[in-house]
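Please read the structure below before turning to the comments.
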Amino acid sequence: MEGLRILKTEAKEDKYEELMELAKRRGFFWQSFEIYGGVSGFYDLGPLGTLMKRSIIDLWLKYFVLRHMDLVTIIETPVINPAKVFKASGHLESFTDPIVRCEKCGGIFRADKLIEEKLKIRAEGKKPEELTQIIKENDLRCPSCGGPLGEVRTFNLLFKTTIGPYEGNTGYLRPETAQGMFISFKRVHTVMRNRLPLGIAQIGRVARNEISPRQGMIRLREFTIAEMEFFFDPEKPGQPPFERISGGIKSKLNILRAEDRLEGVEKPSQYTIEEAIEEGIVVSPWMAYWMAVSRDFVKELGLSEEETFFEEKLPEERAHYATQTFDQLVKVSRWGWVEVSGHAYRGDYDLSRHQKYSGQDLTVFRRYEKPIKKKLKKVRINKAIIGRELGSDAVKVIGALRAMSPEEVEKLLETPEEFIEVEGRRIPKDAVKVVVQEEVVHGEKVIPHVVEPSFGVERLVFVALDKAYTKEGDRVVLRLPPRIAPIKVVVFPLVTNDEEIVRIAREIYERFLEAGIAALYDTSGAIGRRYYRADEIGVPYAITIDHRSKEDHTVTIRYRDTREQIRISISDVISWVTEKVR
RNA sequence: GCGGCGGUCGUCUAGCCUGGUCUAGGACGCCGGCCUUCCAAGCCGGAGGUCCCGGGUUCAAAUCCCGGCCGCCGCACCA
């Protein structure tokens, strides 16, 4: 991670402290359980943070679901899952890290990694006791101080609970929403009239028992994920609707490839989506497509194209289910590049595993373009003849004949005799025939492949705030894009000792509320102070009612970012703002 | 988990080293009133503090000691 460290120092201006102070003071977010001293890895969203998060989720829905209603649908599934689910998904196995602690310096190490590195033997998947023994037998020491190592113990990142009053009935909180989509895939696929390709989206809370979460809102133990499992036929994936993304298939993605990273390259290169697909940089056209959608989506949060890129993960960095993974990184002031979304090619891993563990058929039917005619040999048994000849033994003999393949029966029939012998009984040759039959096959069963774009929503909130936070001298302005601003508009009477001005202001404010626009009404202090207050929480538009409003029924609209003002008829104000923030 | 630094009204902070003068001071913000002025910080008044938590030392603890929690930085960890 040498690269990351270098990039980290690049981010000079550290507005983190100021931003966190603002977030707390004005009510975007703060650490949870404050009155009990706080618990790391948990954050409350305040009034403004909650509204902002909802706006971001709406925007995500617009990009990933509503704009793709012909391809994508959305569901909600439980946070608590029975143990079976994560046995099947591999999380119970792979989400558990064996760790060992140095008794001298207290350093913590992945036990299996340590053994593999030092002894060059495979240690993955071994039990903690076995690992402890290997360490003892080979006298492995602490790699940083040389001290003795303790017992190997496991650490599982899944939160455990009990379902109902039965102790043995273990449940876990989901670490991703994905399993819900896999488990309900068949049902949704049916509901969607067997559509394929088919995206199933879900926005929901997940929990990961991180060892030591830091970095505030960036690494949480409980957070919201917005993700989609996009299912398609690997042989006939279909054509993604590239015309729906900004710039189409010729538009560019910033990608840092794994092979380049291994050679020490730290800067991403630009590839057109077409190139990325044709040159196999991204293994699936659909994966490239959703990466492009993600690029467009993140841009709407206020980040420029230079401030986001896709980093391909190295094999050892990938999750157990993925064959190719890209992280979408975004530049923030304090930590440099931060992951906001993951793009994994999950293949048929999840559906295959659930098919195996549940015993249910999770395949879809791939219809051939033209039905295929197949010539098949079949055994024809004349039960009447056998019945007449053998009486009560007939059932046994017929059963035996059925169990034989056509080829075996053909062999029996090769005898020169007039009869054949089955189960010790003779039956006439003409009771059994092998015929060649033509059958029409319309298709076959296949397990779809899956690509998954997955966003951490709280990170998006933080990243957007971090980007939006700017200062003009001492003046703080949150330059949030209007669509994700928690408060869309604020209404000010220029003065409060003029009844008519106040009345008009009040009336306009009421109309905003009626229209469902998040609006504020502020009369406290001088007008300049009120503008400042609004700028600080990112309200993009301020409506001021002044003396002229009484005469010509116009008001001013002030733009947050430029402080410019335009005059507009009162009758147009609501629709003007609505248009801008939708 | 380890090491370093830190935790005082809503926010930022003074005080801590050198225990008592702290009934914990200030600024901003907030609330009420005055003023009415288009880019915050005019006037008057007010509310607001478990000095992170627990224990110890002491006649006396925001202040010293121990343990814990939380935050930041570094190391480790981050399917």
Side-chain angles (χ1 to χ4, degrees), chain A residues 1 5 8 14 16-18 20-27 30-42 46 86 89-97 99-110 113-114 142-145 147 150 153 155-158 175-176 178 206 208-216 218-221 313 316-322 325 334-335 339 342 344 472-477 492-498 501-502 522-536 542 544-548 555-556 558-560 562-565:
Chain A
M1 297 287 99
R5 197 167 305 133
K8 220 183 251 175
D14 190 358
Y16 181 79
E17 299 286 344
E18 284 180 34
M20 294 303 271
E21 188 261 303
L22 174 72
K24 218 194 289 188
R25 190 164 45 79
R26 299 306 307 268
W30 54 80
Q31 199 180 23
S32 300
F33 314 113
E34 266 186 319
I35 67 163
Y36 290 108
V39 180
S40 75
F42 297 93
F86 297 117
S89 73
H91 282 91
L92 268 177
E93 205 182 321
S94 306
F95 222 51
T96 308
D97 291 341
I99 53 177
V100 65
R101 201 179 145 212
C102 168
E103 289 170 349
K104 193 176 152 205
C105 74
I108 289 200
F109 308 94
R110 274 281 293 269
K113 290 274 160 67
L114 191 72
C142 170
S144 65
C145 79
R153 59 197 174 88
F155 187 81
N156 195 311
L157 275 67
L158 293 175
E176 56 172 13
V206 301
R208 302 176 183 189
N209 203 2
E210 299 284 357
I211 295 170
S212 67
R214 295 255 178 87
Q215 302 175 298
I218 297 294
R219 254 175 87 201
L220 299 174
R221 286 189 166 120
K313 306 317 282 179
E316 62 268 26
E317 293 171 338
R318 288 197 298 252
H320 60 277
Y321 47 69
T325 302
R334 183 169 204 144
W335 293 298
E339 175 197 342
E472 295 171 8
D474 281 344
R475 215 183 157 88
V476 174
V477 183
F492 300 133
L494 181 63
V495 293
T496 49
N497 64 350
D498 184 317
I501 287 178
V502 171
D522 192 355
T523 58
S524 156
I527 190 74
R529 180 191 292 259
R530 286 180 264 163
Y531 284 138
Y532 176 81
R533 267 203 289 266
D535 287 347
E536 197 186 36
T544 302
I545 293 79
D546 55 17
H547 298 286
R548 202 175 133 188
V555 293
T556 63
R558 175 220 186 231
Y559 291 85
R560 174 197 62 203
T562 59
R563 298 206 226 165
E564 278 170 344
Q565 282 180 309

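Quick note on labels: first sequence line is chain A, next is B, and so on, each numbered from 1. Because the structure is a prediction, the values reported are computed rather than measured.
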For [N] and [M], measure between their [atom1] atoms and round to the nearest Å.
{"N": "B:G7", "M": "B:G48", "atom1": "P", "result": "26 Å"}
{"N": "B:C5", "M": "B:C78", "atom1": "C1'", "result": "24 Å"}
{"N": "B:U11", "M": "B:G20", "atom1": "P", "result": "27 Å"}
{"N": "B:G1", "M": "B:U58", "atom1": "P", "result": "32 Å"}
{"N": "B:C30", "M": "B:G19", "atom1": "P", "result": "40 Å"}
{"N": "B:G49", "M": "B:C9", "atom1": "P", "result": "10 Å"}
{"N": "B:C52", "M": "B:C59", "atom1": "C1'", "result": "27 Å"}
{"N": "B:G26", "M": "B:U8", "atom1": "C1'", "result": "13 Å"}

So which nucleotide does [N] pair with, by the Watson-Crick or G-U wobble rule with both distances under 3.5 Å?
{"N": "B:C43", "answer": "B:G33"}
{"N": "B:A27", "answer": "B:U11"}
{"N": "B:U57", "answer": "none"}
{"N": "B:C75", "answer": "B:G1"}
{"N": "B:C51", "answer": "none"}
{"N": "B:G6", "answer": "B:C70"}

Report the distance from atom [atom1] of [X] to atom [atom2] of [N], rounded to the nearest whole Å.
{"X": "A:Arg219", "N": "B:C78", "atom1": "CZ", "atom2": "P", "value": "9 Å"}
{"X": "A:Phe33", "N": "B:G71", "atom1": "CZ", "atom2": "P", "value": "12 Å"}
{"X": "A:Glu17", "N": "B:G7", "atom1": "CD", "atom2": "P", "value": "13 Å"}
{"X": "A:Trp30", "N": "B:G71", "atom1": "CH2", "atom2": "P", "value": "17 Å"}
{"X": "A:Lys313", "N": "B:C78", "atom1": "NZ", "atom2": "C1'", "value": "11 Å"}
{"X": "A:Glu34", "N": "B:U50", "atom1": "CD", "atom2": "P", "value": "13 Å"}
{"X": "A:Lys24", "N": "B:G7", "atom1": "NZ", "atom2": "P", "value": "13 Å"}
{"X": "A:Leu220", "N": "B:C78", "atom1": "CG", "atom2": "C1'", "value": "13 Å"}

### Query
Is the closest side-chain donor-acceptor distance between A:Thr544 and A:Tyr531 under 3.5 Å?
yes
### Query
What does A:Tyr321 touch in the nucleic acid at a heavy-atom separation under 4.0 angstrom: a base, only the sugar-phosphate, or nothing?
base
### Task
For A:Gly90, answer base if it contacts any base atom (sugar-phosphate contacts may also be present), sugar-phosphate if it contacts only those atoms, and nothing otherwise; contact means non-hydrogen atoms under 4.0 Å.
nothing
### Query
Going from OH on A:Tyr16 to CD1 on A:Ile218, what distance comes out if it is rounded to the nearest 0.5 angstrom?
8.0 Å
#### Entry: Point-to-point distance, once rounded to the nearest 0.5 Å, from CE of A:Met20 to CZ of A:Arg25
13.5 Å
### Query
What class does the angle between the rings of A:His320 and A:His91 fall in, given that below 30° is parallel, 30 to 60° is tilted and above 60° is perpendicular?
perpendicular
### Message
Could you check whether any side-chain heavy atom of A:Pro493 comes within less than 4.5 Å of a side-chain heavy atom of A:Thr523, counting everything from C-beta outward?
### Response
yes
### Query
Would A:Glu339 and A:Lys313 satisfy salt bridge (charged side-chain N to carboxylate O under 4.0 Å, His left out), going step by step from the backbone distance to the final call?
CA-CA 12 Å; A:Glu339 175 197 342; A:Lys313 306 317 282 179; over 6 Å; no
### Message
Closest approach to the side chain of A:Glu21, judged atom by atom: which nucleotide of B:U11, B:C70, B:C78 is it?
### Response
B:U11
#### Entry: Residues that A:Glu176 engages under side chain to side chain donor-acceptor pair (under 3.5 Å), provided they are two or more places apart
A:Gln179, A:Arg346
### Task
Let me have a per-nucleotide readout for nucleotides 27-44 of chain B, 5' to 3', with B, S or -, counting only protein heavy atoms under 4.0 Å.
--SS-----B-BBBS---
### Task
Looking only at non-hydrogen atoms, find the nearest pair between A:Asn209 and A:Arg221 and report the distance.
OD1-NE, 3.6 Å
### CA sep, side-chain torsions, deciding dist, call: A:Arg558, A:Asp535, salt bridge (charged side-chain N to carboxylate O under 4.0 Å, His left out)
CA-CA 11 Å; A:Arg558 175 220 186 231; A:Asp535 287 347; 2.8 Å; yes
### Message
Looking at B:G71, I'd like to know if its phosphate oxygens (OP1 or OP2) sit under 4.0 Å from a side-chain N or O belonging to A:Gln31.
### Response
yes
